[in-house]
Every structure is written in C-alpha cells, then in structure tokens.
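Any value given below was found using the heavy atoms of this structure, including those in side chains, with hydrogens, waters and symmetry copies removed. One-based numbering, in listed order, for ligands and for the atoms of each.
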Amino acid sequence: MTLEDKIRLCEGQNFWETKPCPELGLPSIFMSDGPHGLRKQELSADHLGINESVPATCFPTAVTTANSWDPALLEEVGRAIAGEAARHGVGVVLGPGVNLKRNPLCGRNFEYFSEDPLLAGKLAAGLIRGMQGRGIAACAKHFACNSQEYRRFQSDSIIDERTLREMYLTAFEIAVKEGKPGTVMCAYNKINGTYASDNRELLTGILREEWGFEGLVMTDWAAMNDRVQGFKAGCDLSMPGGSGYMVEATRDAVKAGVLDEKDIDLSVSRVAAMVKNAQAALENREEVDEEAHHALARKAAEQGAVLLKNAGGILPLKEGQRLAVLGNMAEEMRYQGAGSSHVNPTRLSEAGKALSSTASVEDAEAVILLTGLPPAYESEGFDREHLRLPEEEIRLIEDTAKKNPRVIVVLFAGAPVEAPWADQVQAVLYMGLPGQAGGEALANLLFGRANPSGKLAETWPMRYEDCPSAKQYGSLDAVYSEGVFVGYRHYDSRGVAPRWPFGHGVSYTNFEVQGAFDEKGRVAVTVRNTGERAGAAVVQLYITPPKGSQNRPVKELKRFAKVFLEAGESQNLVFQLDERCFAVWDGGWKTPSGEYGVLVGEQPDSLSPVGAVQKTGLAVQLGAPWEALKAPVRPEARKGQFTMNSSVAEMMPHSLTMKFLHRGITKMLQKGAKPGTPEYRMMIESSVYSPLRSVAIASGMKAALFEGFLDIANGKRIQGLKKLLKARKA
Ligand code: BGC
C-alpha cells in the first residue's frame, strides 16, 4: 500500500462504511447507531436520525434502562441489538453513550445513563458485553466530557484533573476495562483546549496505556479536527468518509518528518482488526425473533420505570376500576428521543391505547394523567431551555387534582422535570422514554402485573437553580467549576433537598436490608422481601469519608446489586471493597488515611451503617482546584482571522459571502424539515453553527471548496475564487 492508500483507509468510504482494501483482504463494513436499537440507513444517510432506517426493535433509551440498575438486563438488550445488527449486515454498533449527566438541561441526557460514574460505567459495560457476546463491536462514546449539546462542535470543556479522573473518566474506565469495547468514539468538543480527536493524552496515554484498550478509536461524525494531530494522538478512523479530509496535508507531514508513518501503520492495523472482527461476526446471520425482542423491550421498560410516589397505596389499580385517561401523551406517547439514536420501531404499543378510559374525571375511581416533555423540548443537537413541563400540562395536572383526589401522574421524559405539583397528586410513575413496548409495560405496572423496581439514576431537583452547575451551564465553553460535586454528591454535601434523590424509587412490596462485615472484611448483606408480592430490590452501598475530610462528597456509591425476590424470600450478597473504593485522584489514585464509613440500604433515606474501615494510607490534602477554573479568552471573530474552525454563523456579520452561504444552507434545510422541529434545529446546529471543516466532512465535499469561501470571507477574494474554481473542476 502506498502512504496515501493507508491514509485513505483511515477515513470511511461514505457515511456509514469503511473503505475496502484488496491489498489487505478487507471488505468494507457497515456501522450503525445505536445505543437502544439499530438505525441502519440503507438509502439516504444522515447522523441526526432524519432519513428512513430499517425497522428495528426500539428498546427503552438509556434514561430508562439506567433506572433498572441492572447490568444483566443491559447485557440482554445488547445481545438483542447485536442480533438485529448481524441480521442487517452491520458489524459495529455505535453505542453505548457513556457520558456523565452533568446538568439536567443537556438535550441528550436521555441517551446517557447516570450522574454517577460507577453506575454509568457498569451499565455501559453490560450493554457492551451483550453486543460483543454476539461478535458485533460496540462503541463507547463520546470520549470525553461531552456533557452539553449547546455548540458541541466548538465547545471547550474546562476541567481539573481530579474531577476529570474521579467523575467523567471513571465511567469510561469501567466501561472499557469491564466491557472491553471494540471501538471508542471521540467527542466533538475540546478538553482543556485540545479537540478530543487530537488529544494524545486521552486517546493514547489514558485510554490505551493506562486502561489497556486494544481497539480502534473513531471520530464522532465530522469531529476530526487535524488528521496529523489525530494520527499522533491515536485517533484511527475519521468518519464519515468521502471528503478526503486532509489526505494531502497528512501525506506531506510524513514527507516533512512531522508525522511518523508508523503512527499511520498502527491505525491501519486497527482498522484491519475491526473489519476482520466484523467479517467473522457477520458470517452467521441468524433470524431475529421480533416477538421475543419486543417482549424484552417491554421487560426493560418495566424494570426501568420508577414509582416516585404512591400515597395511600393508590397503586396498583384493580381490574375493572373506573378510569379517566388524559394528558398530552395519551394520544401520542413519547417513547424515544430525536437524533442519531432514533429508531424506526418494528411496532408500537401506545400508552393511551393500552389503558381504556371508562368515565369523566369527576366520576373516575382513578385518573391516569399521561404527560411529559414534547419532542421539541429535548433532543440531540440542542439543550433544554428550562426544566418545566409545558404550561398547559401543569395546569391540567392542577385542575384535575382539584376535581378528583385520586390522580396518578405518569411521566414520559428523557430527563428530570420540576414537579411542584407532586404534592397535589397521589402517585407519580416515571417511565423515562420507554421504547416501543412502553404502553404494555405501563399497563402491567399500573395493574400490578409487574412490580416497579426502578431507582433514579440521577437526582430530581426541586428547581433548576438547585443544580450544582446551574450558574455556569449553557455557555459556549463549559467550565466544570462545581468539580466533583455532581448530582447527589452536591445535594448531600451542601444540604440541598432534592424533589427525589438519586437511588429513590418505591415498590408494591417492602424490603429489609441488613449488612455486616464478615470474617474476611467483606460486606455481607441480607435482603428480605417483607411484603406480600414478588419484587426486586436494588441494594446500594455507599462509602463515607473520614470525619473532617475537606472537599470530599459526604457519600459515594461504590457497589450495588439488583435482587429479585418472591414474597417472604431473602437472599445473601457479599460485596468486596477494594482500594479504589476509598481513593481520590491526586496525581495518581491515593487513599487518604482515616476512618471510612460503609452504608447499605434499598432507599437513600434509610441507609444503615455497616461499620467502619480504617485506612492508614497517606495524608492527602485535597484542594478544590475547580474553583479557580476560567473560560478561555476567545478572540473576537475578525475578518482576516477566520479559520476552518470558524462557523458560518460567526463569520456572517463580517462577510457577504457567508451571508449568502447562510441563506443558501437554511433554504436547503427548510426543504428537509420544518423550522421549530427538533430535526430543523439539529440541522442548523450541525451546519451554520459548526466549524467549516465539519461541514466539509459531513457533506462529503472537498475541504478546498470551503477554503475558497473562507479566503473570500477573509478578504482574499482572488485567492478564494481560484480555489473555488479548482475545487469545482476537481
Ligand atoms: C452523534 C453520534 C452518532 C453519530 C452517527 C453524531 O451526530 O453524536 O452519537 O453515533 O452522529 O450517527
């Protein structure tokens, strides 16, 4: 292979496929999203879930499966997704999303698991194991610190090392070490000034050398910044392909001795390994049992639903009760989110159809209010504007509660909402975005044919202002100045009462949990179902730091287990604690000396102490380095200084050409989607608000064309026109 052939092999052939390479005996292979079901596009391709994809089982999104706290369930779902992938000739599935939920406004939180790194990492590892058990490579994404959608292509995540290691990287570390994904996808954003695609410390130093990752790193779609830096960093594959982005510049860099050809060879070998793995996995394409996958989607939705409140035991309902069913989700239930994870379901069970309304609100023995966030409120590509339900839904809840004291609110949303109305209703059941079998799952839960066992994988605040990153979130650059105090670590440590805490969720039965140290120093736990129905408990184990510790959360989740128990049954569990359970990051993992507490329980408000663990480690002085973080100073966009990292929107006020380009792009987009829809907003964000290099890569057009426009915008008209003509000829 020539040098140029090798560089080209490290870019896709088109939107979804790798390039074939006869010299190495490699066919091209197909990749598809995603995290909760297959989105294989056979015709028009896009990375925002707009064009048609083949029918596939739409499992509940990560927000719901996370609330199951059950990695084994995720494994089952992963295996089913991989089976469908194999059936359709897809060798790499682009999921799971492992990013931590930093702030509930992030439009893409529905695709992520948790605010806690242990829970997120374990669940992601489960999904990966399931997919790869079927031979299909998974892809842990978006590495790293992609915790906002707002300007995700240009945003810089400013974060201190301790927070990065203890929180945001730990989730990936667990997913990589325990799941061993075949691939990892780097994020769009920068981390402390360096784009993820160019980040050697992240992609090689930490991912490969420290964690032992042996697979391939690909870019998020059009995330490649600089291919020369990318090869040096260990970013192997630039996706999508077609534009030939920086092929010549990379070749010249090798010739000039700036880039070592060995770095390219390494990436070539990783592409070859990924393709061969896919080839082997696709040899056996067993039939997909759609019925069984639908039933699994239903089970996952049941396991992930969280009963937030059940005053007076209003639930479960009795068969034959007079019900009134209303709310904005009664006609059209929201069961998944918009964007690259959007699945074309094999079928759909609507909540409204699964429940029959037999009377008026006033007469009903129970009112089921199916409500939630409409699609335009949360999506990939942009963040939410506030944490409230639509005004008319709030009014509907309040008015209904005045007419009938027996109201059950069922919420469909990809992330928390403010719930000031919660005290006015009897019960609240949170379904998240429950996938294609959501309606059946809901009916089973309401009538007690399934017993709710989900626990919140993220805190629900009383009001948005209570969130740890409320003040600093939503700017172009993300300053992680809340440090390690993310989610419950903040609420607990600062004494801020949430609406519903992390780990919360009630059941139709009761559990008793008792823990003690055994003779080997392990935590032995007995959990007993003391109620009259079968159900599942989630045993949670937290560590509390030594008294007087500075800048450490008052408790941190270190172990958990989901246990299924018949009425009256009990089970014994053993949790082994290791050094990492007590450690902090201080230039390395270190255990500060002192007496640590261990708490276990099934509900966050009734954890009981197991005892203390004495550590004679190091006297670590923990500071709060996050407090000093500042957003980088961004020079004002100025004619003459625009680069391929500038967006059309930034240049538009200074350049007539960019104004025309802006108008042309928006007109073209309006043919594909209606302004105001999430699809349109996503497309705008990915075009006029993304860097020119990303527009070139995503469109499969030569970067030279955009360089021509760039020169003109910078006032170098002749040079720009020449480039445009040359590019047109080519
Ligand atoms: C998303 C990725 C996705 C890719 C391909 C991007 O917009 O961020 O998660 O895998 O598109 O669809």
Per-atom contacts, ligand 1 versus Trp16 - under 4.0 Å to a heavy atom: 5 (C), 12 (O)
Heavy-atom nearest neighbour in the protein, as seen from atom 7 (O) of ligand 1, with distance rounded to 0.1 Å: Glu380 OE2, 2.9 Å
Nearest non-hydrogen protein atom, atom 10 (O) of ligand 1: Asp33 OD1, 2.7 Å
Ligand-residue contact atoms, ligand 1 with Arg39, heavy atoms, under 4.0 Å: 12 (O)
Flag side-chain contact, heavy atom, 4.5 Å: Leu105 against Cys467: no
Residue Asp220 vicinity, atoms of ligand 1 by number, heavy atom under 4.0 Å: 1 (C), 2 (C), 3 (C), 4 (C), 6 (C), 8 (O), 11 (O)
Ser340 neighbourhood, listing ligand 1 atoms whose heavy-atom distance to it stays under 4.0 Å: 1 (C), 2 (C), 3 (C), 9 (O), 11 (O), 12 (O)
Parallel, tilted or perpendicular, as decided by the 30° and 60° cut-offs, for the rings of Trp16 and Trp221: tilted
Ligand-residue contact atoms, ligand 1 with Lys141, heavy atoms, under 4.0 Å: 2 (C), 3 (C), 9 (O), 10 (O)
Which atom of Gly414 lies closest to which atom of Tyr430, heavy atoms considered: C-OH, 3.8 Å
Ligand-side contact atoms (ligand 1) for residue partner Leu94, heavy atom cut-off under 4.0 Å: 10 (O)
Pi-cation contact, Tyr689 with Arg151 (under 6.0 Å, within 45°): yes
Ring centers of Tyr377, His386 separated by less than 6.0 Å: yes
Which segment of Arg108 sits under 4.0 Å of ligand 1 when only heavy atoms are counted: side chain
Subset of ligand 1 atoms that lie under 4.0 Å from at least one heavy atom of Met185: 10 (O)
Face-on cation placement of Arg102 at Tyr480 ring, 6.0 Å and 45° thresholds: yes
His142 touching ligand 1 at heavy-atom level, < 4.0 angstrom: yes
Donor on one side chain, acceptor on other, Glu458 and Ser114, under 3.5 Å: no
Check: Tyr188 N/O within less than 3.5 Å of ligand 1 N/O: yes
Nearest neighbour in protein (non-hydrogen) for atom 11 (O) of ligand 1: His47 CB, 3.3 Å
Electrostatic pair Arg129:Glu76 at N-O distance under 4.0 angstrom: no
Sub-4.0 Å heavy-atom approach of Met239 to ligand 1: no
Residue portion contacting ligand 1 (non-hydrogen atoms closer than 4.0 Å) for Met218: neither
Neighbour count above 12 (heavy atom, 6.0 Å) for Glu210 CD: yes
Side-chain ion pair, Glu378 and Arg334, N-O less than 4.0 Å: yes
Ligand-side contact atoms (ligand 1) for residue partner Arg152, heavy atom cut-off under 4.0 Å: 7 (O), 8 (O)
